[in-house]
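Take a look at the structure below.
Since the structure is predicted, the reported quantities are computational estimates derived from the model, not experimental observations.
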Amino acid sequence: MAGSSSNNDLLLDLDDHGRNYGNPGRPAIDTNVEYQSRPSVSYDDFVNGNTAGSSAVYSQSVASQLSPATRTYSQTRELGHYQPYYDEADDLGHDSGSRPASGYQYASATDDHSDVGGANRQSAYGGVVGRVKSAFGMNQEYSEMDLPLTEATPIGSSPAPGGAPSTRKRRNSGSKFTFGFGRKKVDPSTLGPRVIHLNNPPANAVNKYVDNHVSTAKYNIATFIPKFLYEQFSKYANLFFLFTAGLQQIPNISPTNRYTTIGPLIVVLIVSAGKELIEDWKRKTQDTELNRSKARVLIGTTFETQRWINVRVGDIVRVESEEPFPADLVLMASSEPEGLCYIETANLDGETNLKIKQAIPETAGFVSPGDLSRLSGRIRSEQPNSSLYTYEATLTIDVGGGEKELPLSPEQLLLRGATLRNTPWVHGVVVFTGHETKLMRNATATPIKRTAVERTLNVQIIMLVSILLILSLVSSTGDVIKQSTASSTMSYLYLENNNRVKQFFADILTYWVLYSNLVPISLFVTVEVVKYYHAFLINSDLDIYYAETDTPAVCRTSSLVEELGQIEYIFSDKTGTLTCNMMEFKQCSIGGICYADEVPEDRRATVQDGVEVGIHDFARLAENLKTHSSREVMHHFLALLATCHTVIPERKEDKPNEIKYQAASPDEGALVEGAVQLGYQFIARKPRSVAIMVGGKEYEYEMLNICEFNSTRKRMSTVLRCPDGKIRIYCKGADTVIMERLHKDNPMVEVTLQHLEDYATEGLRTLCLAMREIPDEEYRQWSAIYDKAATTINNRGDELDKAAELIEKDLYLLGATAIEDKLQDGVPDTIHTLQTAGIKIWVLTGDRQETAINIGMSCKLISEDMTLIIVNEDNMQDTRDSLTKKLNAVKSQKDAGGELEALALVIDGRSLTFALERELEKVFLDLAVMCKAVICCRVSPLQKALVVKLVKRHLKAILLAIGDGANDVSMIQAAHVGVGISGVEGLQAARSADVAIGQFRFLRKLLLVHGAWSYQRISKVILYSFYKNITLYMTQFWFSFQNAFSGQVIYESWTLSFYNVFFTVLPPLVMGIFDQFISARLLDRYPQLYQLGQKGQFFKTSSFWAWLVNGFYHSLILYIFSELIFLYDLPMGDGQTAGHWLWGTALYTAVLATVLGKAALVTNLWTKYTVMAIPGSMLIWMGFMPAYATVAPMLGFSTEYQGILAKLITSPVFWAMVIILPALCLTRDFAWKYAKRMYYPQTYHHIQEIQKYNIQDYRPRMEQFQKAIRKVRQVQRMRKQRGYAFSQADEGQSRVIQAYDTTKERGKYGEMKSVRPEDRPLR
């Protein structure tokens, strides 16, 4: 940052001490030597290894073409950097051996973020395969999230003498040819700046800039098939079935019909493709809705309505108040004085305070469409890049037959994603559109996410294939042995001349096909359907429907529903996610008396022992203002609220009596609105005075000086000449800084402090108000000091702060205010419940530390019994020392055997920048995971995603990120599950999320109920599907020992295939959709049950093997006893034998009855659909078998069933076998279930008993007692920690105030002329 050499190595500069007007958190643009000594390094330049030396050299070569060498007024480093358009610099890198000596190097060669060879990121794509994956969007997405947050020291940094360009070796092959799909990517830095012509669409069309459409869909027409097939065949089971289907096409190999695998596989893929298409169509529909939003584009001399998608680079657009910007614009003019405008960037960086942008003076007068249409010239802009806080360009306009070149800076850049506030209109030139806007450059492509259950399932599929391979080897070996040892007894088969080796490998393939159904092909269709229906249940749940905005929950990615039941960490945005972003003036303390808008019955004011206690309402305040002994204090209190601020009043032409206040922060607006509510109305602002209306009379206060707010001072003061002619200083700020500056004789301090504690306990944001009269002589002396400080060249901010200290002393305490940063309904209870469920919540916010802590307390993220660990350091060494010291202290306490206190970690953005570096990240993470809550404040969107990636990389935990703004998109996409709030800040987060909800409180049911159900149901579906296939197909293996390992099948081929498709498909489907192991009410009542999912209780490896062994056991019992029953082919009463196919059909029926009985045994909730599925499946078989056995032989389709039907249904042995064998198999299962519930019950078994017998619990009394204890502790904690209500940025607000005279009428086009006085600027 300018003015701080120690900060020159920071890429993300979050210094709060800068005083840059209009661009908070960034260095002021300055032309002094100190600023120019550091090159302007943008994000993408840094990525590509650009350096101080190379940037300076390049800037000289470009500058010679752009402007005269004598130009000294440019604030843009002479356009010294043009960021590459593509983040993947595949073809632009340099050989590592020829890297420029001035290139940046990273911390270590082994760092994951290292980029050997400068810009060469070729290795990240893994050669040809990587390029193909990249072409289809299937590679690991590159983004700035993969980069270190700080720049390392340049190596040998100085450029060659005389500015000679450094020699760079290019890889010839890489620069000329790109293998893969699509055309070669062009490095825009070789093309120079982007040239945009004003009012000349044909000239801009030649450059073929991208259009303004935005897409968040996963697929398009070209990529759907390759991306879908890649995703599907990344599931090992589908690859297995494809291989098996191929084997079945080989003659004399397959013992079954050649189409019995490829047919079901095609059905599986079609069903999955349909689900993906439906979900992606919803995304595309939402994108279309956004792309069709309306914008006003200058065509000729009028603004015409166009769709956003039709906005082009170079267009001049008009944006009106409360509208979002359709693209990245350069501000030309606005309705406000001097081209000022207010924008809200909460959708970009999470900050709620309004930012001020200002057009350059030369264009600020273009307020009419006619003037704009005659504007001629061009903009030379940097290329598209991802840096939200930098912009370099020049505007060249035609003036009087010549050209004038003007510098443009971030102060003129209006970003897509931001919204115009408190400004009637602005005019701007489009510079970046669509996916080239800075907002979209910060977004990553929609990632393909796979769940933990899917990954475990892939491992289990490999285990099953291994079992299949073992079974095939055993059977093949047995066949070879049998042929070698028993060929004499099987002479009729003519086996003497068989090639044993060839036969062995042929047998392996045969048995592979025969046993292939151990892997259930119906499983994946079933799981897809179940997940899709789970998404439908979420979408249809009225409990998570937000009626106020007509917003239902939308599950955009149904494939992730089970992960909702396994979340261990939640990363949440604050503004718009936890809070409503609405400030309300709730209470105030004036002269030791407490007043509130709404007073609870139990806290109404009463007189006890002659002393007033309790709270008065605002009506009583109005009475006291006339008669009470403290009325003078009350008058100054309210006058301070109405005058000491930076708010601009705005009157509408159609409603001149209504005033709308333009506030740079919602806190300021709430205080002014509170003063209006109490009878002191702020009505006008002039450059040197403000006017207020009290009791129908207008009073004017002359503004002499303003001592601005910043995060160090934590206060704001105005020096006013009041209507009575006296000079007074009005000061408002945090209680800690105000109390230090009070006069010793302040009788109301103790009672006001008590009120402050009460306010803080309720989670309100507080300010203290104070004043004093200043003698004229003292003011004259101080004014001279202040004026001198205001004209200081170096360290002006520090000098102004010192001058303010001289006047802000011996103050008289007037009282305190309490503002509610209104939380969304149910947030505290939701957070408390989720923490009880074992979920750790981290809040990542752009707000200041005090605000973040205050909100953390009010929403119960930080409880009264927690110990706060605060990390707020300015450099790497201090951050390392602080983190290490705190971690060691916590570990020593833990090692000592004492009970570890509940901890909450609070870290600011600057410290987080260092904590995320490779050498510190593990220390930071170790400390963070020991804490029950973590708050990261003043963080950028990039840091949010980096924190998520850090936890994701080091912990085997499922992460959920929730947010509502575009600044949360990277975080949402980085987490395993992303949840978007369809909130006030727009729909960017909701469109990029896996699930969109209307309010944060809906997260409670989404996770604890829908998530828990989905995880348990899908786990049961998968395990049961494995079991039912093992039970049937393992009988084939046992039979191979009896059929001389010939590969003979027990069952008819199509009956075998229909087992998964028709006869056992309904039970897992119904269990997966309707089964409830615990009701929704009790899952919410006992959130601890959620830990079953976190621990993977229902889908453990031991559970997998238990179900497999159970399937082996059942198949063995069924096979052995059926063989015994059909011994000697079961001679029948008519003298005939039953034969093979009658035995096979009877065994098939017994197996089916067994697996359906097992489904009945594991079902928790019986519904009409369960009855239709389980007994119904048996009825389907009993109806299908006679029909098929009759029709198929007649058609010559299946001769195996020729003549068996009459024998089968008339055989009592068949009916006895169908009843007795399943009962024999399931007796063990029933006994095991009984023993587990009676003697080894799990947690949820107890809750099931409570549910079954509707047992009441008596916890409410205990909870009330614990609540009272927490209240006492909270009061004690609030004595130490209170938040204060200031959220505006540290910027020169006085400059804005100086430009306004709201008593003047607006011009013809709604513009307000500047009335900046020329004699002495106000400071």
Once ring-ring contact (aromatic ring centres under 6.0 Å, His included) is applied, do any residues pair with [X], and if so which ones, sequence neighbours excluded?
X     : result
Y545  : none
F1002 : none
Y533  : F536
F233  : none

For [X], enumerate each residue passing the side-chain contact (heavy atoms from CB on, under 4.5 Å) test, keeping only those at least two apart in sequence or located in another chain.
X    : result
N207 : Y209
V267 : V271
T549 : Y546, T551
K294 : T305, R307

Heavy-atom side-chain contact between [X] and [Y] under 4.5 Å:
X     : Y     : answer
L1006 : L1003 : yes
I972  : V979  : no
D280  : F224  : no
R312  : N204  : no
K1005 : D541  : yes
L960  : L564  : yes
V317  : Q306  : no
K218  : R283  : yes

Notebook entry, point to check: Any idea how W1013 and H1010 line up, ring-wise: parallel (<30°), tilted (30 to 60°), or perpendicular (>60°)?
Noted result: perpendicular
Notebook entry, point to check: What is the ring orientation for F1063 with F1058, classed by angle as parallel under 30°, tilted 30 to 60°, or perpendicular over 60°?
Noted result: perpendicular
Checklist line | side-chain hydrogen bond (donor to acceptor under 3.5 Å, both in side chains) partners of N458, counting only residues at least two apart | finding: none
Item checked: Partner residues of H976 under the side-chain hydrogen bond (donor to acceptor under 3.5 Å, both in side chains) criterion, sequence neighbours left out -> none
Next item on the list: Any chance you could lay out the side chain to side chain contact (heavy atoms under 4.5 Å, CB included) test for Y532 and I1073, step after step, and finish with the verdict?
Entry: CA-CA 10 Å; Y532 186 79; I1073 294 174; over 6 Å; no
Measure the [atom1]-[atom2] distance between [X] and [Y] for me, rounded to the nearest 0.5 Å.
X    : Y     : atom1 : atom2 : answer
Q460 : L1023 : CD    : CG    : 6.5 Å
I962 : S572  : CD1   : OG    : 5.5 Å
I958 : E563  : CD1   : CD    : 4.5 Å
R450 : R455  : CZ    : CZ    : 9.0 Å

Taking [Y]'s backbone N and O only, do any of them form a donor-acceptor pair with [X]'s side chain (distance below 3.5 Å, no angle check)?
X    : Y    : value
R194 : V431 : yes
S234 : E231 : yes
S540 : L537 : no
E289 : T285 : no
K944 : D968 : no

Note to self: So, using salt bridge (Lys or Arg N to Asp or Glu O under 4.0 Å) as the criterion, who are the partners of E528 when residues are at least two apart?
What the structure shows: K235, K275
Item checked: K284: salt bridge (Lys or Arg N to Asp or Glu O under 4.0 Å) partners, not counting sequence neighbours -> none
Check: Under 4.0 Å between a Lys/Arg side-chain N and an Asp/Glu carboxylate O for D328 and K438?
Finding: no
Checklist line | salt_bridge(E276, K227) N-O dist < 4.0 Å | finding: no
Notebook entry, point to check: Yes or no on side chain to side chain contact (heavy atoms under 4.5 Å, CB included) for F240 and L468, after CA distance, side-chain angles and deciding distance?
Noted result: CA-CA 11 Å; F240 167 80; L468 184 154; 3.5 Å; yes
Check: Does CG belonging to L277 count more than 12 external heavy atoms closer than 6.0 Å?
Finding: yes
Check: So, N220 and T223: side-chain donor and acceptor under 3.5 Å apart, yes or no?
Finding: yes
Note to self: Could you check whether Y219 and F228 have their ring centres less than 6.0 Å apart?
What the structure shows: no
Note to self: As a quick check of understanding, evaluate side chain to side chain contact (heavy atoms under 4.5 Å, CB included) for F432 and R441, giving each step before the final call.
What the structure shows: CA-CA 11 Å; F432 303 131; R441 297 278 294 185; over 6 Å; no
Next item on the list: Report the C-alpha separation of N1029 and N1060 in whole Å, then their side-chain angles, then the decisive distance to 0.1 Å, and conclude whether the side chain to side chain contact (heavy atoms under 4.5 Å, CB included) test is met.
Entry: CA-CA 8 Å; N1029 275 40; N1060 281 317; 2.8 Å; yes
